[in-house]
There are 2 protein chains.
Amino acid sequence: MREINDLPECDAVAVHEGVTSLAREGVPAPDTLLMLSEFFKIFGDPTRLSILFALDRVPMCVCDIAATLGMTRSAVSHQLKVLRTAQLVSYRREGKNVIYSPSDDHVRDIIEKALEHISE
Amino acid sequence: MREINDLPECDAVAVHEGVTSLAREGVPAPDTLLMLSEFFKIFGDPTRLSILFALDRVPMCVCDIAATLGMTRSAVSHQLKVLRTAQLVSYRREGKNVIYSPSDDHVRDIIEKALEHISE
DNA sequence: CATACAGTTGAACGGTTGTTCACTTGTTGA
DNA sequence: TCAACAAGTGAACAACCGTTCAACTGTATG
(Lines give C-alpha, C1' and ligand atoms only; values in the text may rest on other atoms or scores of the structure.)
Protein backbone atom coordinates (compact mmCIF):
# COMPACT_ATOMS: atom_id res chain seq x y z
CA MET A 1 0.00 0.00 0.00
CA ARG A 2 1.31 3.40 -0.98
CA GLU A 3 2.00 6.08 1.60
CA ILE A 4 1.23 9.79 1.61
CA ASN A 5 4.71 10.73 0.54
CA ASP A 6 4.69 8.54 -2.52
CA LEU A 7 4.92 10.50 -5.74
CA PRO A 8 4.14 9.46 -9.30
CA GLU A 9 7.62 10.33 -10.58
CA CYS A 10 9.52 8.07 -8.27
CA ASP A 11 8.42 4.73 -6.89
CA ALA A 12 10.89 4.76 -4.07
CA VAL A 13 8.61 3.50 -1.35
CA ALA A 14 10.72 0.54 -0.38
CA VAL A 15 13.94 2.52 -0.45
CA HIS A 16 13.33 5.99 0.99
CA GLU A 17 10.02 6.05 2.74
CA GLY A 18 8.93 9.42 4.10
CA VAL A 19 12.19 11.04 3.13
CA THR A 20 10.80 13.87 1.06
CA SER A 21 8.60 15.32 3.79
CA LEU A 22 11.56 15.27 6.15
CA ALA A 23 13.75 17.01 3.60
CA ARG A 24 11.11 19.62 2.91
CA GLU A 25 11.35 20.76 6.52
CA GLY A 26 14.94 21.78 5.94
CA VAL A 27 14.14 23.96 2.95
CA PRO A 28 13.41 27.63 3.77
CA ALA A 29 10.43 29.49 2.34
CA PRO A 30 10.67 30.49 -1.34
CA ASP A 31 11.12 34.20 -0.60
CA THR A 32 13.88 33.48 1.90
CA LEU A 33 15.53 31.27 -0.69
CA LEU A 34 15.22 34.05 -3.23
CA MET A 35 16.69 36.72 -0.96
CA LEU A 36 19.53 34.40 -0.09
CA SER A 37 20.33 33.65 -3.71
CA GLU A 38 20.12 37.34 -4.63
CA PHE A 39 22.60 38.03 -1.87
CA PHE A 40 25.08 35.42 -3.09
CA LYS A 41 24.60 36.48 -6.70
CA ILE A 42 26.19 39.81 -5.81
CA PHE A 43 29.41 38.06 -4.85
CA GLY A 44 29.24 35.95 -7.98
CA ASP A 45 31.02 38.53 -10.09
CA PRO A 46 34.80 39.17 -10.07
CA THR A 47 34.34 42.89 -10.68
CA ARG A 48 32.08 43.42 -7.70
CA LEU A 49 34.35 41.30 -5.54
CA SER A 50 37.39 43.36 -6.51
CA ILE A 51 35.49 46.56 -5.72
CA LEU A 52 34.69 45.22 -2.27
CA PHE A 53 38.27 44.13 -1.70
CA ALA A 54 39.61 47.49 -2.82
CA LEU A 55 37.18 49.50 -0.70
CA ASP A 56 37.98 47.33 2.27
CA ARG A 57 41.52 48.71 2.08
CA VAL A 58 40.64 52.34 1.58
CA PRO A 59 37.47 54.35 0.86
CA MET A 60 37.54 55.74 -2.67
CA CYS A 61 35.69 57.79 -5.22
CA VAL A 62 34.31 56.14 -8.36
CA CYS A 63 37.17 57.53 -10.37
CA ASP A 64 39.83 55.95 -8.20
CA ILE A 65 38.02 52.63 -8.12
CA ALA A 66 37.94 52.66 -11.90
CA ALA A 67 41.64 53.51 -12.05
CA THR A 68 42.49 50.83 -9.50
CA LEU A 69 40.68 48.09 -11.36
CA GLY A 70 41.33 49.31 -14.88
CA MET A 71 37.73 49.71 -15.93
CA THR A 72 35.46 52.51 -17.06
CA ARG A 73 33.71 54.81 -14.60
CA SER A 74 30.39 53.78 -16.08
CA ALA A 75 30.93 50.09 -15.47
CA VAL A 76 32.05 50.80 -11.91
CA SER A 77 29.06 53.02 -11.31
CA HIS A 78 26.67 50.34 -12.50
CA GLN A 79 28.19 47.80 -10.14
CA LEU A 80 28.23 50.28 -7.27
CA LYS A 81 24.53 50.68 -7.74
CA VAL A 82 24.11 46.96 -7.21
CA LEU A 83 26.28 47.06 -4.10
CA ARG A 84 24.44 50.13 -2.83
CA THR A 85 21.05 48.51 -3.30
CA ALA A 86 22.24 45.48 -1.35
CA GLN A 87 23.57 47.86 1.30
CA LEU A 88 27.05 46.44 1.04
CA VAL A 89 28.61 49.87 0.56
CA SER A 90 27.86 53.31 1.93
CA TYR A 91 28.70 56.56 0.21
CA ARG A 92 29.00 60.27 0.84
CA ARG A 93 29.49 63.18 -1.50
CA GLU A 94 32.66 65.24 -1.18
CA GLY A 95 32.60 68.08 -3.63
CA LYS A 96 32.59 66.64 -7.10
CA ASN A 97 33.46 63.18 -5.86
CA VAL A 98 31.39 60.47 -4.24
CA ILE A 99 33.36 58.46 -1.73
CA TYR A 100 32.38 54.82 -1.29
CA SER A 101 33.25 52.63 1.68
CA PRO A 102 32.24 49.15 2.87
CA SER A 103 29.18 49.20 5.11
CA ASP A 104 29.02 45.71 6.52
CA ASP A 105 31.36 43.53 8.56
CA HIS A 106 29.60 40.25 7.82
CA VAL A 107 30.91 40.52 4.30
CA ARG A 108 34.53 40.08 5.28
CA ASP A 109 33.63 36.95 7.26
CA ILE A 110 31.70 35.39 4.42
CA ILE A 111 34.38 36.06 1.87
CA GLU A 112 37.07 34.69 4.15
CA LYS A 113 35.09 31.50 4.73
CA ALA A 114 34.77 31.15 0.99
CA LEU A 115 38.49 31.68 0.52
CA GLU A 116 39.10 28.91 3.04
CA HIS A 117 36.95 26.60 0.99
CA ILE A 118 38.53 27.23 -2.40
CA SER A 119 42.03 26.81 -0.98
CA GLU A 120 41.63 23.02 -0.72
CA MET B 1 53.66 68.02 -11.26
CA ARG B 2 51.84 64.73 -11.78
CA GLU B 3 52.66 61.60 -9.80
CA ILE B 4 53.07 57.97 -10.84
CA ASN B 5 49.59 57.03 -9.74
CA ASP B 6 47.91 59.71 -11.78
CA LEU B 7 45.69 58.34 -14.51
CA PRO B 8 44.27 60.04 -17.53
CA GLU B 9 40.68 59.26 -16.58
CA CYS B 10 40.79 60.92 -13.20
CA ASP B 11 42.74 63.99 -12.21
CA ALA B 12 42.45 63.30 -8.54
CA VAL B 13 45.99 64.22 -7.53
CA ALA B 14 45.02 66.87 -5.02
CA VAL B 15 42.23 64.78 -3.53
CA HIS B 16 43.34 61.14 -3.23
CA GLU B 17 47.01 60.90 -3.86
CA GLY B 18 48.48 57.40 -3.92
CA VAL B 19 45.18 55.80 -3.03
CA THR B 20 44.90 53.50 -5.99
CA SER B 21 48.18 51.70 -5.41
CA LEU B 22 47.19 51.15 -1.80
CA ALA B 23 43.81 49.79 -2.84
CA ARG B 24 45.36 47.50 -5.41
CA GLU B 25 47.23 45.69 -2.64
CA GLY B 26 43.92 44.59 -1.19
CA VAL B 27 42.66 43.06 -4.41
CA PRO B 28 43.51 39.36 -4.88
CA ALA B 29 44.94 37.98 -8.11
CA PRO B 30 42.53 37.69 -11.05
CA ASP B 31 42.39 33.90 -10.91
CA THR B 32 41.67 33.96 -7.17
CA LEU B 33 38.96 36.49 -7.83
CA LEU B 34 37.55 34.27 -10.54
CA MET B 35 37.53 31.14 -8.39
CA LEU B 36 35.88 33.06 -5.60
CA SER B 37 33.17 34.43 -7.84
CA GLU B 38 32.56 31.00 -9.38
CA PHE B 39 32.13 29.65 -5.89
CA PHE B 40 29.58 32.27 -4.91
CA LYS B 41 27.78 31.95 -8.23
CA ILE B 42 26.82 28.43 -7.23
CA PHE B 43 24.88 29.75 -4.25
CA GLY B 44 23.31 32.42 -6.41
CA ASP B 45 20.47 30.18 -7.52
CA PRO B 46 17.41 29.32 -5.40
CA THR B 47 17.18 25.83 -6.85
CA ARG B 48 20.72 24.89 -5.94
CA LEU B 49 20.29 26.42 -2.50
CA SER B 50 17.16 24.40 -1.87
CA ILE B 51 18.94 21.24 -2.97
CA LEU B 52 21.72 21.95 -0.48
CA PHE B 53 19.22 22.68 2.29
CA ALA B 54 17.28 19.52 1.56
CA LEU B 55 20.36 17.30 1.42
CA ASP B 56 21.59 18.84 4.64
CA ARG B 57 18.55 17.28 6.30
CA VAL B 58 18.74 13.88 4.72
CA PRO B 59 20.74 12.23 1.90
CA MET B 60 18.53 11.52 -1.09
CA CYS B 61 18.40 10.11 -4.58
CA VAL B 62 17.78 12.39 -7.55
CA CYS B 63 14.22 11.24 -7.69
CA ASP B 64 13.44 12.21 -4.11
CA ILE B 65 15.14 15.57 -4.52
CA ALA B 66 12.98 16.25 -7.55
CA ALA B 67 9.87 15.23 -5.65
CA THR B 68 10.84 17.32 -2.63
CA LEU B 69 11.36 20.46 -4.65
CA GLY B 70 8.68 19.88 -7.27
CA MET B 71 10.95 19.91 -10.27
CA THR B 72 11.93 17.51 -13.03
CA ARG B 73 14.63 14.90 -12.55
CA SER B 74 16.52 16.35 -15.47
CA ALA B 75 16.70 19.83 -14.00
CA VAL B 76 17.84 18.41 -10.69
CA SER B 77 20.46 16.28 -12.38
CA HIS B 78 21.85 19.29 -14.22
CA GLN B 79 22.17 21.27 -11.01
CA LEU B 80 23.66 18.31 -9.15
CA LYS B 81 26.36 18.20 -11.79
CA VAL B 82 27.24 21.80 -10.92
CA LEU B 83 27.31 20.99 -7.21
CA ARG B 84 29.34 17.84 -7.86
CA THR B 85 31.91 19.73 -9.92
CA ALA B 86 32.27 22.27 -7.10
CA GLN B 87 32.62 19.35 -4.68
CA LEU B 88 29.73 20.61 -2.58
CA VAL B 89 27.97 17.25 -2.69
CA SER B 90 29.17 13.66 -2.67
CA TYR B 91 27.29 10.75 -4.15
CA ARG B 92 27.20 6.99 -4.15
CA ARG B 93 25.28 4.55 -6.27
CA GLU B 94 22.77 2.28 -4.54
CA GLY B 95 21.27 -0.05 -7.07
CA LYS B 96 19.29 2.01 -9.56
CA ASN B 97 19.52 5.11 -7.41
CA VAL B 98 22.31 7.57 -6.80
CA ILE B 99 22.31 8.95 -3.29
CA TYR B 100 23.56 12.49 -2.84
CA SER B 101 24.74 14.04 0.40
CA PRO B 102 26.46 17.28 1.40
CA SER B 103 30.23 17.02 1.37
CA ASP B 104 31.42 20.17 3.06
CA ASP B 105 30.85 21.76 6.44
CA HIS B 106 32.05 25.23 5.44
CA VAL B 107 28.91 25.55 3.39
CA ARG B 108 26.60 25.55 6.37
CA ASP B 109 28.67 28.32 7.99
CA ILE B 110 28.66 30.49 4.91
CA ILE B 111 24.94 30.15 4.35
CA GLU B 112 24.21 30.91 7.98
CA LYS B 113 26.34 34.05 7.88
CA ALA B 114 24.43 35.11 4.80
CA LEU B 115 21.11 34.44 6.53
CA GLU B 116 22.26 36.64 9.38
CA HIS B 117 22.93 39.43 6.94
CA ILE B 118 19.64 39.35 5.09
CA SER B 119 17.66 39.30 8.32
CA GLU B 120 18.41 42.97 8.98
C1' DC C 1 27.46 81.97 -16.73
C1' DA C 2 30.29 78.77 -18.96
C1' DT C 3 33.48 75.18 -18.89
C1' DA C 4 35.34 71.04 -17.03
C1' DC C 5 35.07 67.09 -14.69
C1' DA C 6 32.75 63.36 -11.44
C1' DG C 7 29.11 60.47 -11.40
C1' DT C 8 24.69 58.37 -12.91
C1' DT C 9 21.61 56.32 -16.09
C1' DG C 10 19.10 53.91 -20.03
C1' DA C 11 19.44 51.34 -24.24
C1' DA C 12 21.77 47.92 -26.72
C1' DC C 13 24.92 44.14 -27.39
C1' DG C 14 26.96 39.76 -26.58
C1' DG C 15 27.73 36.17 -23.49
C1' DT C 16 25.95 33.31 -19.78
C1' DT C 17 22.62 30.47 -17.39
C1' DG C 18 18.54 27.47 -15.98
C1' DT C 19 14.97 24.78 -17.69
C1' DT C 20 12.80 21.79 -21.00
C1' DC C 21 12.77 18.10 -24.26
C1' DA C 22 14.37 14.10 -26.33
C1' DC C 23 17.57 10.77 -26.09
C1' DT C 24 21.17 7.73 -24.01
C1' DT C 25 23.29 5.08 -20.24
C1' DG C 26 23.05 2.00 -16.51
C1' DT C 27 20.98 -1.15 -13.29
C1' DT C 28 17.55 -4.36 -11.56
C1' DG C 29 14.30 -8.08 -11.83
C1' DA C 30 11.06 -10.88 -14.57
C1' DT D 1 17.60 -10.83 -22.73
C1' DC D 2 14.13 -7.68 -22.36
C1' DA D 3 11.18 -4.43 -19.98
C1' DA D 4 11.09 -0.81 -16.54
C1' DC D 5 12.85 2.75 -14.16
C1' DA D 6 16.71 5.95 -12.25
C1' DA D 7 19.99 9.07 -13.78
C1' DG D 8 22.87 11.69 -16.99
C1' DT D 9 23.46 14.48 -21.19
C1' DG D 10 23.34 17.64 -25.36
C1' DA D 11 20.76 20.92 -27.98
C1' DA D 12 17.63 24.63 -27.92
C1' DC D 13 15.22 28.33 -26.00
C1' DA D 14 14.20 32.21 -23.13
C1' DA D 15 15.61 35.06 -19.46
C1' DC D 16 19.25 37.32 -17.23
C1' DC D 17 23.62 39.87 -16.65
C1' DG D 18 27.83 42.88 -17.33
C1' DT D 19 29.92 45.99 -20.29
C1' DT D 20 29.89 49.70 -23.58
C1' DC D 21 28.20 53.85 -25.53
C1' DA D 22 25.95 58.06 -25.45
C1' DA D 23 23.54 60.82 -23.17
C1' DC D 24 22.42 63.45 -18.80
C1' DT D 25 22.84 65.51 -13.78
C1' DG D 26 25.45 67.84 -10.45
C1' DT D 27 29.30 70.44 -8.50
C1' DA D 28 33.20 73.42 -8.46
C1' DT D 29 36.15 76.93 -10.55
C1' DG D 30 37.56 80.57 -13.88
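A, B, ... follow the sequence lines: proteins, then strands. Residue 1 opens every chain.
Every pair passing ring-ring contact (aromatic ring centres under 6.0 Å, His included) that includes a residue from residues 57-97 of chain B is listed here, sequence neighbours excluded: B:Y91-B:Y100. Under the salt bridge (Lys or Arg N to Asp or Glu O under 4.0 Å) criterion, the residue pairs touching residues 29-45 of chain B are B:E38-B:K41, with sequence neighbours excluded.
Regarding A:R73, its CZ atom lies at a distance of 6 Å from the P atom of C:dA6, rounded to whole Å. One interatomic measurement links the two molecules: OH of A:Y100 to P of C:dA6, which rounds to 15 Å at whole-angstrom precision. Here C:dG18 presents its P atom at 11 Å from CD1 of B:I51, a figure rounded to the nearest Å. At whole-Å resolution of the value, CG in A:D64 and C1' in C:dC5 are 14 Å apart. C:dT27 atom C1' lies 17 Å from atom CZ of B:R92, rounded to whole Å. Between the CD1 atom of A:I99 and the P atom of C:dT8 there is a distance of 11 Å, rounded to whole Å. Atom pair B:M71:CE and D:dA7:P shows a separation of 14 Å (rounding to whole Å applied). When rounded to the nearest whole Å, the span between CD1 of B:I65 and P of C:dT19 equals 13 Å.
Contact between the side-chain N/O atoms of A:Q79 and the OP1/OP2 oxygens of D:dC17 is not found at any separation under 4.0 Å. Regarding contacts with the backbone of C:dT27, every side-chain N or O of B:N97 stays at 4.0 angstrom or more from both OP1 and OP2.
In this structure, the ring-ring contact (aromatic ring centres under 6.0 Å, His included) partners of B:F40, at least two apart in sequence or on a different chain, are A:F43.
At a threshold of 4.5 Å between side-chain heavy atoms, the hydrophobic network of Ile, Leu, Val, Met, Phe, Trp and Tyr places B:L34 and A:L69 in two separate groups.
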For nucleotides 23-25 of chain C, list the nitrogen or oxygen atoms of the protein found under 3.5 Å from its nitrogen or oxygen atoms, one pair per line.
none

Listed pairs, N/O of protein and of nucleotides 24-30 of chain D, under 3.5 Å:
none

Anything under 3.5 Å between a protein N or O and an N or O of nucleotides 10-17 of chain C, put it in a table, one pair a line.
from: C:dG10; atom 1: O6; to: A:H78; atom 2: NE2; distance (Å): 2.9

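A side-chain donor-acceptor contact under 3.5 Å links B:S50 to the backbone of B:P46. B:T68 contributes no side-chain N or O that, together with a main-chain N or O of A:A23, makes up a donor-acceptor pair within less than 3.5 Å. In terms of modelled atom types and a separation under 3.5 Å, the side chain of A:S77 and the main chain of A:R73 share no donor-acceptor contact. With hydrogens and angles ignored, the 3.5 Å screen pairs a side-chain donor or acceptor of A:R48 with a backbone N or O of A:I42. A:S103 places a side-chain N or O within donor-acceptor distance of the main-chain N or O of A:Q87, the cut-off being under 3.5 Å.
Comparing C:dT8, D:dT9, D:dG18 by their closest approach to the side chain of B:S77 singles out D:dT9. The side chain of A:R84 has C:dT9 as its nearest neighbour among D:dA7, C:dT9, C:dG7. Of the listed nucleotides (D:dT20, D:dA7, D:dT19), D:dT20 has the atom at the smallest distance from the side chain of A:T72. Of the candidate nucleotides D:dT19, D:dA7, C:dT9, D:dA7 has the atom nearest to the side chain of B:V98.
Side-chain contact between A:C61 and A:I99 is present, with heavy atoms from C-beta onward closer than 4.5 Å.
With a 6.0 Å radius and a threshold of 12 heavy atoms from other residues, nucleotides or ligands, A:E116 has its CD atom above the threshold.
The minimum heavy-atom distance between B:S37 and A:L49, with the atom names listed, is N-CD1, 3.6 Å.
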